[in-house]
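In what follows, chains carry the letters A, B, and so on, assigned in the order in which the sequence lines appear, proteins first and then strands, with residues in each chain numbered from 1.
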Amino acid sequence: MSEKINIPRGTFDILPGESSKWQKLLNIFCETANLYSYQEIVTPIFESAHLFERGVGEVTDIIEKEMYRFTDRKGREFALRPEGTAPIVRSFIENHLGKEYAPAKLYYFGPMFRYDRPQKGRYRQFHQYGVELIGSNNPYTDAEVIALADHFLKQIGIKNYTLEINSIGCDKCSPVYDAALIEYYSKHKDELCGDCVKRLEKNPKRLLDCKNEKCQLIGKEAPSILDYLDEDCAAAFEKVKYYLNLLKVDYIVNPRIIRGLDYYSNTAFEFLTTSLGSQNALLGGGRYNGLVKQLGGVDTPAVGFAGGVERLLAVAEAEGISLVDSGNSGIYVANIGAETIDYALALCAEFRSKGISVEYEIDKNNFKSQLKSANRLNIPYVCIVGSEEMEGQRFTLKEMNSGKQVTLNRSDIGEKFNNWPKLSVFEAEQTC
RNA sequence: GUGGCUGUAGUUCAACCGGUUAGAGCACUGGAUUGUGGUUCCAGAUGUUGUGGGUUCGAGUCCCAUCAGCCACCCCA
């Protein structure tokens, strides 16, 4: 035997038992997005590395240490996408989506890649779903995007979450606030943790969500962004809250919400869960008015969110939500004796042509074990063919729940199976 | 990237202070008079103890390395 090759660290297979949950989740997301008239967009999973450096921000963790970079055979620098927004904005610009759709209302789903230390709810290849609304600065659109996210979580059945919103201001008032934070925290510099001392220079807003007790204590007295918003930003934030109320979305204002990527401005929001330990960010987003211009397009305001599928599934499981479909409605074809195999196969084909899902196990030649198998697979009906049936061009159909069975003519498949899985044969004519 | 915990049949877990053929439940396979499943009963198969070294008369058990998972930090989905 040759050497066994294992799956890369931080990745996982979606096995047959799991994949139906993913399909269901994705379906619900597509349906919800469609309710709000968003259309799907699919972009490549790798892009020019510069797209992310410029879009996400060069000094973020994502770019500095988490990006999967590679060069191709001609030395071009690419990266597996660590997030979905920059590629979509790239596509928006490249395909002039602003001309055709105004605003562009887009949703997406797919794998993302970050070289991070794996943990539960944190993987190197993970999956995000998200929406982007590009081309409006109307605060209603912030609320709409949030409402869509909220609607989606409710459709899945998630209960244990809170929506926290904030405004981090625009490129005019945000620096004023940073200055105020620096001034405040500098007075307590000796008491701050090491990380926070660095944050003070690099990204002062990050000081606010440090988990260190001392830092938090100091943070309680820190100035609030909400007092530093300029007139336009403050008015916009009020409007967002107004529309959220109108759309009946519950939220709390948390002036400490800071988003990790550089491109955010104004509205920032997070859907947080308590049922997942420290990986509590279920979904996050906000407004990013500067990004389109920054990536070479004409100045266009935009807002969006992204959520993690793995975390959502984990929360769903923690909350006991079943994403498994209601069950099999197919037929298990069982034959008795080698001479009936061909006849059984012919019946399989006829059932399938009626749109009925058929299981037939060619390598199981013991009749009893075939029935056992049907039972284990939870298949509600078994079609039994032995030599008696074959000679009369018939088959026996058994309803596993009740144990009832009837013998039907092969030609009955044409009419009696039109409304499968609704079947009247067991009420009308019973034998056995 | 930092610190800690863990790794034993398909799976969940046992195995004393290092001691001889590494066990059990569930699952699996076969059987209980020939063409009828689920419950029951009987029988059976299963492991290079994550991997590679080391200490020892002897290692699942101790030591080192490595890989992987988990937890916290960092960060985030």
Side-chain angles (χ1 to χ4, degrees), chain A residues 1 3-12 15 17 56 59-67 81-85 109-130 149 193-196 198-199 203 206 209-212 257-261 270-273 276-285 305-315 332 334-337 339-340 364-390 395-405 407 432:
Chain A
M1 227 169 39
E3 196 191 346
K4 197 175 83 180
I5 296 170
N6 292 326
I7 195 168
R9 183 166 199 204
T11 67
F12 56 92
L15 301 173
V56 178
V59 294
T60 57
D61 278 10
I62 290 179
I63 302 306
E64 279 183 344
K65 50 182 209 191
E66 294 175 6
M67 200 156 71
R81 63 181 181 198
E83 61 105 41
T85 300
F109 172 89
M112 306 292 164
F113 305 83
R114 289 182 202 172
Y115 189 93
D116 207 344
R117 185 114 163 216
Q119 216 172 304
K120 200 178 204 75
R122 191 168 81 177
Y123 303 93
R124 290 184 173 178
Q125 174 175 341
F126 61 102
H127 297 77
Q128 283 190 335
Y129 55 90
C193 71
D195 288 331
C196 279
K198 281 182 223 151
R199 290 186 180 113
N203 191 346
R206 281 247 162 273
D209 56 12
C210 180
K211 283 173 189 165
N212 183 298
I257 294 257
I258 300 302
R259 303 257 60 227
L261 316 184
E270 285 178 359
F271 287 77
L272 302 171
T273 172
L276 222 58
S278 73
Q279 306 304 322
N280 65 347
L282 193 52
L283 184 157
F305 73 76
V309 178
E310 290 80 3
R311 284 182 193 182
L312 187 51
L313 286 170
V315 172
Y332 186 101
N335 72 297
I336 304 159
E339 71 280 6
T340 56
K364 270 205 167 66
N365 42 30
N366 179 318
F367 176 59
K368 203 165 177 171
S369 70
Q370 291 181 72
L371 272 181
K372 263 189 184 175
S373 190
N375 191 62
R376 195 188 59 225
L377 294 168
N378 213 10
I379 298 174
Y381 294 94
V382 175
C383 162
I384 298 168
V385 290
S387 47
E388 287 169 29
E389 283 87 349
M390 184 170 69
F395 61 90
T396 298
L397 191 68
K398 174 166 182 156
E399 190 177 49
M400 295 297 271
N401 271 341
S402 61
K404 290 176 189 168
Q405 55 187 55
T407 298
C432 187

Describe the nucleic acid contact of A:G10 in one word from base, sugar-phosphate, nothing, applying a heavy-atom distance below 4.0 Å. sugar-phosphate

How does protein contact run along nucleotides 72-77 of chain B, one letter per nucleotide 5' to 3', with B for base contact, S for sugar-phosphate only, - for none, heavy atoms under 4.0 Å? BBBBBB

Integer angstrom distance from the P of B:G52 to that of B:C13: 25 Å

Considering only atom C1', compute the distance from B:A45 to B:A27 and round it to an integer number of Å. 13 Å

Distance, C1' atom - from B:G19 to B:U29, rounded to whole angstrom: 35 Å

Bracket notation of RNA chain B in which parentheses pair within the strand, [ ] cross earlier pairs, and | pairs with another strand (Watson-Crick or G-U, under 3.5 Å): (((((((..((((.....[...)))).(((((.......))))).....(((((..]....))))))))))))....

Could you check A:T396 against A:E389 for side-chain hydrogen bond (donor to acceptor under 3.5 Å, both in side chains), going step by step and ending with a plain yes or no? CA-CA 7 Å; A:T396 298; A:E389 283 87 349; 2.7 Å; yes

Using atom P in both nucleotides, what's the gap between B:U6 and B:A15 to the nearest angstrom? 14 Å

Atom CZ in A:R124, atom CZ in A:R117: separation rounded to 0.5 Å? 9.0 Å

With sequence neighbours left out, write down each residue that passes salt bridge (Lys or Arg N to Asp or Glu O under 4.0 Å) with A:K368, or none if nothing qualifies. none

Say you pick atom P in B:U46 and the same atom in B:C5; how far apart are they, in whole Å? 37 Å

Exactly one of A:H127, A:M112, A:Q128 clears side-chain contact (heavy atoms from CB on, under 4.5 Å) with A:V309, and that residue is A:H127

Each nucleotide of nucleotides 29-37 of chain B classed B (base within 4.0 Å of a protein heavy atom), S (only sugar-phosphate) or -, in 5' to 3' order, makes S-S---BBB

Restricting to side-chain contact (heavy atoms from CB on, under 4.5 Å), what partner residues turn up for A:N280, sequence neighbours left out? A:L272

Salt bridge (Lys or Arg N to Asp or Glu O under 4.0 Å) against A:K65, all qualifying residues, sequence neighbours excluded: A:D61

With sequence neighbours excluded, what pairs up with A:Y332 under the side chain to side chain donor-acceptor pair (under 3.5 Å) test? A:E361

From A:L371 CG over to A:N366 CG, what is the distance, rounded to the nearest 0.5 angstrom? 9.5 Å

Short heteroatom pairs, N/O only, protein and nucleotides 45-49 of chain B, under 3.5 Å:
none

List for me each residue that meets side-chain contact (heavy atoms from CB on, under 4.5 Å) alongside A:Y123, sequence neighbours excluded, and say none if there are none. A:F12, A:F126, A:E310

All salt bridge (Lys or Arg N to Asp or Glu O under 4.0 Å) counterparts of A:R259, not counting sequence neighbours: A:E270

side-chain hydrogen bond (donor to acceptor under 3.5 Å, both in side chains) with A:S402: which of A:Q405, A:K404, A:E399? A:E399

Could you give the distance separating B:G47 and B:U40 at their C1' atoms, to the nearest angstrom? 30 Å

Pairing residues for A:R206 by the salt bridge (Lys or Arg N to Asp or Glu O under 4.0 Å) criterion, not counting sequence neighbours: A:D209

Could you work out the separation of B:U49 and B:C42 based on their C1' atoms and round it to a whole Å? 31 Å

What heavy-atom pair brings A:I62 and A:P82 nearest, and what distance separates the two atoms? CG2-CB, 3.6 Å

Output all residues satisfying side chain to side chain donor-acceptor pair (under 3.5 Å) with A:Q370, sequence neighbours left out; order by chain, then residue number. none

Using the P atom in both, what is the distance from B:G4 to B:A77, to the nearest Å? 29 Å

